[in-house]
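Report on one structure; see the data block that follows.
We name chains A, B, ... by the order of the sequence lines, and we start the count at 1 in each one.
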There are 2 protein chains.
Amino acid sequence: MGKDVRESILEAAAPLIHNRGFNNTGLKEILDAANVPKGSFYFYFKSKEAFGIALVDHIARTLRQEALAFCEANPLPPLERLRRFMEDRRNRRVQAGFVGGCPIGNLALEMSDLSSAMRERLRTALSGVSAFYASALREAQERGELRPDLDPEATAAFMLDAYEGALLRMKVEKSVEPLDRCQDYLFNKLLA
Amino acid sequence: MGKDVRESILEAAAPLIHNRGFNNTGLKEILDAANVPKGSFYFYFKSKEAFGIALVDHIARTLRQEALAFCEANPLPPLERLRRFMEDRRNRRVQAGFVGGCPIGNLALEMSDLSSAMRERLRTALSGVSAFYASALREAQERGELRPDLDPEATAAFMLDAYEGALLRMKVEKSVEPLDRCQDYLFNKLLA
């Protein structure tokens, strides 16, 4: 029971903070959205920072589950699978009207200098996405489908960073162009 | 005189907001840092949003002046000039201990969905940096020093976005590695 309420607070908070920022979202808004009485927040989280750490883990867990589900549902050659996965994410951004962007990237820019504990969790979350990309690139290289001079880990990290930057530009331009350009440069001009 | 006070508020605010975020920095902190009496803020700016717009313009103007000064001081072939410019920025991040990152990129992620007026100015600021990169790439292409299949404008935009993403990762990892990796991938693996 306690665990369910904690989870429902995180689930209600995630979209609010995604759209409005961590410091810009008050505890009252979060608890109202979760239908939880005001006084109970500190029963579940010992501070807003502890809540922030749990939130990063919650978002990272959700992203990981979505990525694994995508891979299971799309048994494709590794590079094509990665390309389609990024296209799938792209289509969600279009549906969302280019609002929000990457919840991990947003928290990374906002909170890295303000909370070293949140920063550590954000670092782990981004490393997890990098590792997911890298495993596809390694598999592609073993199959001879990727330039042999590209290190899978470094390339994966570069791709993820480039995509985070494209999401930033998407938020500013309210256009899909930065995402499509990023996808084109990564897959057709760098990896090919 | 009025203009000087307004400018000194922006100058005092820029590093505060760079390190702590826009919504997370109060008017009192800004006015204390600028040594300006509390009541006078609304004499110079009609709202915090109007102040935010002026701040984006102030940061963009400073960046533009620094970029032009760098070009004047470094009469080099275009690609080498761009590479050295990015290295110069990299060295500043190392000196700053990987704190802060890109002041425009930070505001872009934080404010694009919260203020369409600030978003418009942030879009203009980023387009200005893109255009600065693009002019170097165009010149390089005319000299036969850049892959002829790369469009200078799109390539410049991709490079800037990739760099913004690398700065995000730098803030999370507190390491220069994402910047060096980005520089390596852009100049040695994409443009070459």
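Taking Leu122(A), Leu167(A), Val99(A) one by one and counting their heavy-atom pairs under 4.5 Å with chain B, the maximum is reached by Val99(A). The greatest number of non-hydrogen atom pairs below 4.5 Å with chain A, out of Asn24(B), Asp161(B), Thr155(B), is found for Asp161(B). Note on Ala157(A), Ala166(A), Pro178(A): by heavy-atom pairs under 4.5 Å with chain B, the leading option is Ala157(A). When each of Cys102(A), Gly105(A), Gly21(A), Ala154(A) is scored by its heavy-atom pairs under 4.5 Å with chain B, the top score falls to Ala154(A). Ranked by heavy-atom pairs under 4.5 Å with chain B, the list Ser127(A), Gly165(A), Cys182(A) is led by Gly165(A). Note: Lys171(A) leads Glu164(A), Arg123(A), Glu177(A), Lys171(A) in heavy-atom pairs under 4.5 Å with chain B. Contact count against chain B (heavy-atom pairs under 4.5 Å) is highest for Asn106(A) among Asn106(A), Asn19(A), Asp149(A).
When heavy atoms are compared at a cutoff of 4.5 Å, Ser116(B) does not approach chain A at all. Contact annotation for Glu110(B): neither backbone nor side-chain heavy atoms come within less than 4.5 Å of a heavy atom of chain A. Only the side chain of Asn23(B) comes within contact range of chain A, with heavy atoms under 4.5 Å apart. For Leu114(B), the part sitting under 4.5 Å from any heavy atom of chain A is the side chain, from C-beta outward, and nothing else. When heavy atoms are compared at a cutoff of 4.5 Å, Phe22(B) does not approach chain A at all.
The pair Arg61(B)-Glu7(B) meets the salt-bridge criterion, with a side-chain N (NZ, NE, NH1 or NH2) lying under 4.0 Å from an Asp/Glu carboxylate O. With salt bridges taken as basic N to acidic carboxylate O contacts below 4.0 Å, none links Glu87(B) and Arg90(B).
At distances below 3.5 Å, not a single donor-acceptor pair connects side-chain atoms of Glu145(A) with backbone N or O atoms of Leu79(A). No donor-acceptor pair under 3.5 Å is formed between the side chain of Glu142(A) and the backbone N or O of Glu139(A). A distance-only check finds no donor-acceptor pair linking the side chain of Asn74(A) to the backbone of Arg81(A) [under 3.5 Å]. Glu29(A) places no side-chain N or O within 3.5 Å of a backbone atom of Ala13(A) that could act as its donor or acceptor partner.
By the 4.5 Å heavy-atom criterion applied to side chains, Lys174(B) and Asp113(A) are counted as neighbours. Proximity of Leu82(B) to Leu76(B): side-chain heavy atoms (C-beta onward) are nowhere separated by under 4.5 Å.
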